[in-house]
Protein chains: 2
Amino acid sequence: MKKDTREALIDSAFNTFYKQGFQGANIATILSEVGINKGSMYHFFKSKKELGLAVIKERIEQNLVNKYTKILEEKESLKNLFDAMRSAPETLVFGCPLNKMSQEMLYVDNDFKKLLSETYVIFENLVGQIVQKEGLEDSSSKAKLIIATYEGALMIYHLNQNKVEFRATLSDLENQIA
Amino acid sequence: MKKDTREALIDSAFNTFYKQGFQGANIATILSEVGINKGSMYHFFKSKKELGLAVIKERIEQNLVNKYTKILEEKESLKNLFDAMRSAPETLVFGCPLNKMSQEMLYVDNDFKKLLSETYVIFENLVGQIVQKEGLEDSSSKAKLIIATYEGALMIYHLNQNKVEFRATLSDLENQIA
DNA sequence: TTTCTACTTGACCAAACGGTCAATAAAGGA
DNA sequence: TCCTTTATTGACCGTTTGGTCAAGTAGAAA
């Protein structure tokens with residue numbers, strides 16, 4: 001179990017940053033959640049920032065890759081993509097992790113910006129492949145439109161808590177895309 | 001000039017929070033920018049949080065109201081709405097203030113959440129009125145779609161810095177709405 | 001068993017943070 | 001002019017913050 005300290009640290013950091021924001025989160029919270037001491041964390045990460053970057057790389061990016069490559073490999077990719085997006089309120093209870101982190105950190109730190117931009121490219125490519133698989137043209141601009149609408153609608157959902165309208169927006173988009 | 005301290009404070013706070021986030025910003029920065037002492041600020045605002053709420057109410061919300069009521073009163077409202085949105089990268093250099101603040105603070109503090117939700121309602125209503133003025137049906141769900149796409153596309157723009165594609169996304173939306 | 005490395009402890013630190021306060025100054029009205 | 005209210009000063013405070021470090025422990029390899 002000792003070997004998993006690093007993973008437990010990233011898990012807890014992801015959750016804490018996700019809820020409270022990177023700058024608003026404090027390390028002590030993460031430490032007590034994992035049940036270790038400060039020095040132990042600094043053995044794996046040389047700073048809070050490094051921990052943040054690891055969270056982006058190993059959780060935010062990885063979660064996106066896992067989720068959307070799986071959809072890409074399925075039979076009805078595009079349909080499943082919209083199904084997955086429509087269920088976002090259930091899974092992403094504090095919003096889109098990539099969007100949250102981006103809004104907060106993009107102009108605060110350049111290393112965050114670089115990593116978050118790279119993560120977005122991966123996201124767009126995966127959605128683009130799903131669109132392309134359906135034989136649709138302009139897959140990259142369609143992917144952008146899907147992601148934009150999804151992210152924006154998710155923001156609105158978190159502001160007005162109206163799940164029905166959130167899903168309706170995505171369904172309209174789905175009908176329009178195909 | 002002395003009477004404008006409160007306004008100068010909110011101006012500087014808005015800019016600082018906009019760039020660095022609410023939690024990431026420190027009061028000393030704002031104070032030195034305005035050129036006053038700490039006690040002077042605490043004469044007008046009883047806490048950093050009160051200053052943050054005032055920024056939302058008196059800058060973020062007000063700016064939205066000013067900008068979109070003006071468009072609503074113009075001749076070609078809907079066209080001008082899309083023109084204004086397309087020029088967002090020039091005016092909103094760090095993203096959408098409402099979106100940024102929402103992503104950061106929605107699940108951190110309930111007073112922020114309430115105020116930000118109210119601000120969104122105002123935003124949606126104004127865009128809804130612009131849509132309705134054009135004689136289009138379903139103005140409220142069309143307003144949601146416009147805002148969602150706009151917010152999402154703006155997020156993408158800040159991640160990939162591609163202004164051409166940002167504008168294209170909004171132009172596609174414009175063509176599809178009408 | 002010894003040794004080397006990876007990990008963990010817990011006390012410690014300096015700096016930065018948000019916030020307070022009594023004293024003072026300036027403005028405005030009577 | 002005097003007086004009251006509003007605004008400003010600047011020193012001060014307690015807490016929290018991210019981060020350090022010397023010491024010790026556990027585990028694996030030899």
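Labels below follow one simple rule: chain letters A, B, ... track the order of the sequence lines, proteins then strands, and each chain is numbered from 1. Quick caveat: nothing in here was measured; it's all calculated off a predicted structure.
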Query raised in the report: Does the B:K144 side chain pair with the main chain of B:E124, one donor and one acceptor, at a distance under 3.5 Å?
Result: no
Query raised in the report: Which atom names give the shortest non-hydrogen contact between B:R86 and B:K79, and what distance separates them?
Result: NH2-O, 4.5 Å
Query raised in the report: Can a donor-acceptor pair under 3.5 Å be found between the side-chain atoms of A:K38 and the base atoms of D:dG19?
Result: yes
**Report entry** Ionic contact status for A:K114 with A:D111, cut-off 4.0 Å
**Finding:** no
Requested in this report: Indicate yes or no for a side-chain donor-acceptor contact from B:Y18 to the backbone of B:F94 under 3.5 Å, with no hydrogens or angles considered.
Outcome: yes
Requested in this report: For DNA chain C, find the residues of residues 102-110 of chain A with a heavy-atom distance under 4.0 Å and give them by number; none if there aren't any.
Outcome: none
Query raised in the report: Between B:K100 and B:E151, does at least one N-O distance fall below 4.0 Å, as a salt bridge requires?
Result: no
Query raised in the report: Between B:R6 and B:E58, is the closest basic N to carboxylate O distance under 4.0 Å?
Result: yes
Query - Under 3.5 Å donor-acceptor, B:D109 side chain and B:F112 backbone - result: yes
Query raised in the report: OP1 or OP2 of C:dC7 less than 4.0 angstrom from a side-chain nitrogen or oxygen of A:H43, does that happen here?
Result: yes
Requested in this report: Starting from P on D:dT8, measure out to CE on B:M41 and report it in whole angstrom.
Outcome: 13 Å
Report task. Report yes if at least one side-chain N or O of B:Y42 is closer than 4.0 Å to OP1 or OP2 of C:dG19; otherwise report no. Result -> yes
Query raised in the report: Taking atom C1' of C:dC7 as reference, at what distance in whole Å does atom CZ of A:F45 sit?
Result: 14 Å
Report task. When you get a sec, tell me which of C:dG19, C:dT8, D:dG19 is the closest nucleotide to the side chain of A:S47? Result -> D:dG19
Report task. Please list residues of residues 13-32 of chain B whose heavy atoms come under 4.0 Å from any atom in DNA chain C, ordered by number; otherwise none. Result -> B:A25, B:N26, B:I27
Query raised in the report: Over how many whole Å does the gap from A:D4 atom CG to C:dC7 atom P extend?
Result: 11 Å
Report task. Inspect the contact between A:E7 and A:R59 and indicate whether a charged nitrogen and a carboxylate oxygen are less than 4.0 angstrom apart. Result -> yes
Requested in this report: Round to the nearest Å and state the distance from B:I36 atom CD1 to D:dT8 atom P.
Outcome: 7 Å
Report summary line: note: B:N37, atom CG; D:dA7, atom P; distance rounded to Å ~ 16 Å
Requested in this report: May I ask you to evaluate whether A:T5 reaches the phosphate of C:dT8, defined as a side-chain N or O under 4.0 Å from OP1 or OP2?
Outcome: yes
Requested in this report: Rounded off to whole Å, could you give me the CG-to-P distance for the A:L9 and C:dA6 pair?
Outcome: 18 Å
Query raised in the report: Any idea how B:F166 and B:Y157 line up, ring-wise: parallel (<30°), tilted (30 to 60°), or perpendicular (>60°)?
Result: tilted
Report summary line: Separation of C:dC7 atom P from A:K46 atom NZ, nearest Å, is 18 Å
Query raised in the report: Which nucleotide in the list D:dA7, C:dT8, C:dG19 gets nearest to the side chain of A:F44?
Result: C:dT8
